[in-house]
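Some notes on the structure that comes next.
Lettering follows sequence order; numbering is per chain, from 1. FYI, side chains are in, hydrogens and waters are out, and symmetry mates aren't considered; it's all heavy atoms of this structure.
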There are 2 protein chains.
Amino acid sequence: MRPIKQNGYHHGNLRRAVIDAALEAIAESGPAGWSLRELARRAGVSHAAPAHHFGDKTGLLTAVAAEGFGMFADALERAAGDALEVGVAYVRFAVGHRPYFEVMFRPELYRMDDPDLATARERAARVLVTSSGTLSPAPAQDRLTTIAAWSLVHGFAGLWLSGSLPEAAHEDPEALARSVIRLFSGMSSPG
Amino acid sequence: MRPIKQNGYHHGNLRRAVIDAALEAIAESGPAGWSLRELARRAGVSHAAPAHHFGDKTGLLTAVAAEGFGMFADALERAAGDALEVGVAYVRFAVGHRPYFEVMFRPELYRMDDPDLATARERAARVLVTSSGTLSPAPAQDRLTTIAAWSLVHGFAGLWLSGSLPEAAHEDPEALARSVIRLFSGMSSPG
DNA sequence: TCGCCATTTTGTCAATGTCAAGATAGGGTG
DNA sequence: CACCCTATCTTGACATTGACAAAATGGCGA
């Protein structure tokens with residue numbers, strides 16, 4: 001992030017600058033390998049400037065998670081109805097917005113009682129529940145099917161992000177995920 | 001962890017005491033929410049004592065991950081051959097040894113070049129590869145099937161541990177995982 | 001008895017998260 | 001235009017942390 005001022009005081013939207021700097025830092029060294037002061041330095045402000053906007057480190061991560069869940073819900077809703085495409089969108093978000101995703105599913109890092117965050121979270125969950133219905137063999141299995149489909153794509157994302165699929169390192173994660181979901185959903189074409 | 005000495009110097013197996021203290025701390029506040037000095041305090045030794053055994057914080061987490069992968073491989077091998085039971089064992093380990101599991105799949109926290117760790121990791125992977133064969137519809141799909149089965153159980157574990165399955169909060173995770181895996185593998189009985 | 005050496009302690013330093021108090025600017029009100 | 005008001009940012013401070021260096025301890029063999 002470029003400094004938002006050159007000299008003297010400046011009332012800019014530090015909020016955005018700090019969140020962007022945090023995303024960069026998380027991309028480099030994980031959700032816990034950075035410091036607030038370093039972010040402030042990157043944004044060109046004093047070490048305590050972020051505190052006014054986010055309160056503390058947990059507050060900043062709460063903002064990141066909330067924004068992430070919002071983007072996540074948007075992405076899933078764009079594919080809603082087509083179970084395969086929702087799954088692919090899930091993986092695409094995880095890989096394409098890794099810093100967000102890594103914070104979102106680490107609740108000990110942020111405050112779950114944030115209202116915006118909770119709303120976006122439920123919005124994303126609703127897409128998963130409604131879209132997995134077509135995969136269910138019988139209404140009695142709807143809930144299990146949702147959990148299975150969610151687990152499949154969430155696990156694929158987690159394994160990919162943690163580098164646990166080394167033989168797949170040079171493949172396109174989205175294409176591989178599509179093949180895996182197809183196999184799961186009993187479709188024929190193995191991509 | 002109880003202090004390992006009462007007064008004066010003591011040459012005990014501080015190594016074990018510190019690892020146990022770390023597991024406790026990780027269980028309480030996640031893989032990053034604790035401090036080396038706090039561990040030393042819990043073990044009843046001076047603040048720099050752990051450094052001799054582990055080098056630095058990353059070294060301690062490497063030891064935790066290596067030990068975890070060893071126990072993990074043992075657990076999977078005990079169920080080897082039966083794909084359903086391997087999957088259940090995977091989830092049981094994640095839930096029953098949460099601190100280990102949370103460190104193991106966060107490679108940015110430890111050193112992956114540790115030889116013991118790599119050996120145990122490959123041992124666990126081999127069980128997954130060989131045991132998922134029975135689920136594959138055709139030899140050409142073996143690799144996709146392994147990735148799918150692994151993703152399913154890994155994702156279930158991750159979602160459970162992150163509290164993302166709230167409606168399942170009071171169910172037995174092992175039984176629920178068994179049902180989900182059965183559904184995935186095309187078996188009939190929905191548990 | 002003596003010295004060796006793994007182990008642990010003590011002391012120190014820069015960096016970090018957080019709090020409190022002061023400085024700045026820009027807009028609204030008179 | 002002068003004034004103040006408030007959000008925003010800075011400065012200064014403090015306890016805690018991870019890491020390093022040097023000293024202390026004590027068991028064990030020569």
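- Aromatic rings from B/H97 and B/F72 are positioned such that their centres are separated by 6.0 Å or more.
- D/dC9 atom P lies 12 Å from atom CZ of A/R15, rounded to whole Å.
- Straight-line distance from the CG atom of B/L36 to the P atom of D/dG18: 5 Å, rounded to whole Å.
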(message) Applying salt bridge (charged side-chain N to carboxylate O under 4.0 Å, His left out) to B/R106 and B/E102, what does each step give before you reach the verdict?
(response) CA-CA 7 Å; B/R106 218 154 294 177; B/E102 288 186 338; 5.1 Å; no

Please write out the pairs of protein N or O atoms and N or O atoms of nucleotides 13-16 of chain D separated by less than 3.5 Å, giving the distance to one decimal.
from   : atom 1 : to    : atom 2 : distance (Å)
D/dA13 : N6     : A/R37 : NH2    : 3.4

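- As a whole-Å value, the separation of A/D56 CG from C/dG17 C1' is 9 Å.
- Distance from the side chain of A/A49 is smallest for D/dT10 among the nucleotides D/dA19, D/dT10, C/dT9.
- Using a 4.0 Å cut-off between charged nitrogen and carboxylate oxygen, A/R111 and A/D56 count as a salt-bridge pair.
- Distance CG (A/L60) to P (C/dG17): 10 Å, rounded to an integer number of Å.
- Mapped onto DNA chain C by nearest heavy atom, A/E38 and A/A48 fall at different nucleotides, with A/E38 at the one closer to the 5' end.
- Of the charged side-chain nitrogens involved, none lies within less than 4.0 Å of a carboxylate oxygen, so that A/R98 and A/E24 do not count as a salt-bridged pair.
- For A/F54 and C/dG17, the CZ to C1' distance is 15 Å, given to the nearest whole Å.
- We find that CG of B/L109 is positioned 13 Å from P of D/dG18, with the value rounded to whole Å.
- Residues passing the salt bridge (Lys or Arg N to Asp or Glu O under 4.0 Å) test with A/E77, sequence neighbours excluded: A/R123.
- Comparing A/P50 and B/G55 by the nucleotide of DNA chain D that holds the closest heavy atom to each, the one mapping nearer the 5' end is A/P50.
- Comment: A/R126 does not engage A/E122 in a salt bridge, judged by the lack of any side-chain N to carboxylate O separation of less than 4.0 angstrom.
- Residue B/H52 places at least one side-chain N or O closer than 4.0 Å to OP1 or OP2 of C/dT7.
- B/R143 and A/E171 are joined by a salt bridge, as a carboxylate oxygen and a charged side-chain nitrogen come within less than 4.0 angstrom of each other.
- For the pair A/K57 NZ and C/dT18 P, the interatomic distance rounds to 8 Å; values are reported in whole Å.
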